[in-house]
Amino acid sequence: METKQAPKLPHSPTYNLLLQAGPRLYLLHQVHAHIIVSGYGRSRSLLTKLLNLACAAGSISYTRQIFLTVPNPDSFLFTSLIKSTSKSHNFSIYSLYFYSRMVLSNVLPSNYTFTSVIKSCADLLALKHGRVIHGNVLVHGFGLDVYVQAALVALYGKCGDLINARKVFDKIRDRSIVAWNSMISGYEQNGFAVEAIGLFDRMKEMGVEPDSATFVSVLSACAHLGAFSLGCWVHEYIVGNGLYLNVVLGTSLINMYKRCGNVSKAREVFDSMKERNVVAWTAMISGYGTNGHACAHAGLVNEGRRLFASIREEYRLVPGVEHHVCMVDMLGRAGLLEEAYNFIKEEIPENPAPAILTAMLGACKMHKNFDLGAQVAGHLLAAEPENPAHYVILSNIYALAGRMDQVEIVRNSMIRKRLRKQVGYSTIEVDQKTNLFSMGDKSHSETNEIYHYLDELMWKCREAGYVPVSDSVMHELEEEEREFALRYHSEKLAIAFGLLKTSHGTPIRIVKNLRMCEDCHSAIKFISVISNREIIVRDKLRFHHFKAGSCSCLDYW
DNA sequence: ATAGGGTTAG
């Protein structure tokens with residue numbers, strides 16, 4: 001017996017004209033005219049298709065104009081309109097608009113309506129509207145539709161409401177790969193890299209096969225944590241399972257490798273990609289930059305000046321804060337303090353962004369220009385009086401200049417404002433698990449072993465000629481604390497742990513949330529010789545590759 | 001008459 005299938009009816013000639021026109025405005029206008037002239041001006045099906053195409057063609061005004069001519073828009077028309085508008089970021093707001101018109105017209109929404117309108121809320125980060133719509137979902141009985149649930153998880157995740165994202169996620173009975181991906185990316189995008197990886201492990205335990213979207217988030221989490229071996233595992237999995245390296249996935253891999261300090265692997269991936277766009281190129285270039293292969297480090301000041309000029313002259317773009325910061329950093333590093341300062345005054349005469357002044361201040365500190373430093377710090381404190389980092393660097397500058405009275409004043413004003421220095425920490429991945437250390441941390445299960453080993457190591461460093469550099473420690477600390485703090489800075493603890501736990505020949509990779517201090521920088525150079533290991537430290541701004549007693553940053557950072 | 005879904009990089 002053959003099964004009876006519903007016969008597939010051919011499209012009407014007019015409908016075919018619409019299909020042929022596609023999302024091209026001038027053709028759509030012609031077909032629209034044809035529709036009206038041939039008396040189909042009230043055909044909902046034709047108007048629906050026309051609306052979708054007008055929207056896809058990018059004209060929201062034409063879309064609205066057509067919408068207003070539809071006699072009685074039905075659920076399908078509203079839904080398709082909401083879906084079309086949800087596809088473009090620019091039109092998300094109209095998605096909400098048409099949804100509210102739908103509700104006001106008493107037209108019943110479907111589960112398809114909700115997936116689209118929720119996506120628009122997510123793109124708009126419209127959490128309040130999202131909550132209301134979530135209520136509507138429940139009222140209309142779609143609370144257990146897996147597509148709607150996945151959209152809700154993504155909505156809450158994007159809006160930073162992880163509690164509700166997880167609540168919805170936990171209620172999903174049969175979790176699709178997209179539901180898992182939404183929750184994992186929710187954690188990742190909100191800075192919870194460890195949780196993202198934890199959920200990924202759970203997903204694997206449950207036998208769910210990850211896909212490229214899963215890996216994009218997981219790689220992002222690896223990049224965040226500097227989790228090199230997990231990142232390599234993901235890469236092997238991708239290759240082993242023959243997953244296609246599309247631009248997004250490829251760029252995620254590049255990003256992971258470069259943020260783990262391995263530019264050559266990043267480059268291998270880049271070279272193997274079939275398609276590359278601006279994002280991929282930018283990821284690769286910035287990888288070279290942060291790892292010390294760019295103008296500011298190589299001292300290619302003329303090249304840098306020329307590139308900056310080309311932003312306007314060749315590319316017709318307006319330089320942004322990030323470009324200004326780079327210029328000031330590059331000039332400052334090269335010792336051209338005056339040029340850097342004039343650059344700021346000329347390029348950004350009013351209210352330069354704090355990041356630009358911070359770069360200037362760093363340059364003043366590096367080249368010990370205390371007068372200019374104090375002047376810059378004054379502007380910076382006026383712009384951001386609540387940021388403790390500015391007070392710390394200013395007090396460091398005064399200390400370097402030997403003006404302890406000023407150090408005292410800065411310190412007191414910090415105390416008065418109840419500002420505290422951001423807590424520094426370092427992480428290191430061992431056996432695909434990330435271990436976190438903070439200064440003087442004794443919470444680790446192998447604390448005694450680690451401290452003992454570190455003391456021994458520092459002793460050997462001293463024998464080899466290492467002298468502690470105490471001026472980089474916070475000046476608000478008491479003398480005794482200072483010595484302790486210096487000896488047990490988080491990166492030193494993490495390195496000691498790494499040396500204890502990994503075999504010879506394996507590079508040690510550390511991620512630090514703040515800038516590295518001068519003392520640690522000097523100590524690690526000695527450690528790299530004594531332990532005969534390559535040590536790679538990623539600090540807040542850039543990479544330091546220590547090998548045989550020297551660092552890739554050439555002591556400028 | 002006919003038509004559709006949620007996740008992913010700097």
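By convention in this document, chain letters (A, B, ...) are assigned in the order of the sequence lines, proteins followed by strands, and residues within each chain are numbered from 1.
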* Which residue pairs satisfy the ring pair (Phe, Tyr, Trp, His ring centres under 6.0 Å) criterion with at least one member in residues 174-208 of chain A, sequence neighbours excluded? -> A:F169-A:W180

* **Where at least one partner belongs to residues 116-135 of chain A, residue pairs that pass ring pair (Phe, Tyr, Trp, His ring centres under 6.0 Å), sequence neighbours excluded** => A:H134-A:Y156

* Asked: Taking only residues two or more places apart in sequence or in another chain, which ones pass side-chain hydrogen bond (donor to acceptor under 3.5 Å, both in side chains) with A:E275?
  -> A:Y244

* Asked: Who are the side-chain hydrogen bond (donor to acceptor under 3.5 Å, both in side chains) partners of A:E313, not counting sequence neighbours?
  -> none

With sequence neighbours excluded, residues passing ring-ring contact (aromatic ring centres under 6.0 Å, His included) with [X]:
{"X": "A:F67", "answer": "A:F78, A:F98"}
{"X": "A:F228", "answer": "none"}
{"X": "A:H34", "answer": "none"}

Heavy atom of [range] under 4.0 Å from DNA chain B: which residues?
{"range": "residues 46-72 of chain A", "answer": "none"}
{"range": "residues 204-219 of chain A", "answer": "A:S212, A:A213, A:V216"}
{"range": "residues 30-40 of chain A", "answer": "none"}

* For A:E188, what residues pass the salt bridge (Lys or Arg N to Asp or Glu O under 4.0 Å) criterion, not counting sequence neighbours? -> none

* Give one of base, sugar-phosphate or nothing for A:T113, where a contact means two heavy atoms less than 4.0 Å apart. => nothing

* To do: Pick base, sugar-phosphate or nothing for A:S116, based on heavy-atom distances below 4.0 Å to the nucleic acid.
  => nothing

* Is the aromatic ring of A:Y147 within stacking range of B:dG6, meaning centres under 5.5 angstrom and planes under 30 degrees? -> no

* Applying side chain to side chain contact (heavy atoms under 4.5 Å, CB included), name anything that partners A:I311, two or more places apart in sequence or on another chain. => A:F308, A:L317, A:P319, A:H323

* Going by distance alone, is a donor N or O of one side chain under 3.5 Å from an acceptor N or O of the other, for A:K258 and A:S286? -> yes

* Structure fact -> Taken to the nearest whole Å, CE/A:M284 to C1'/B:dA9 is 15 Å

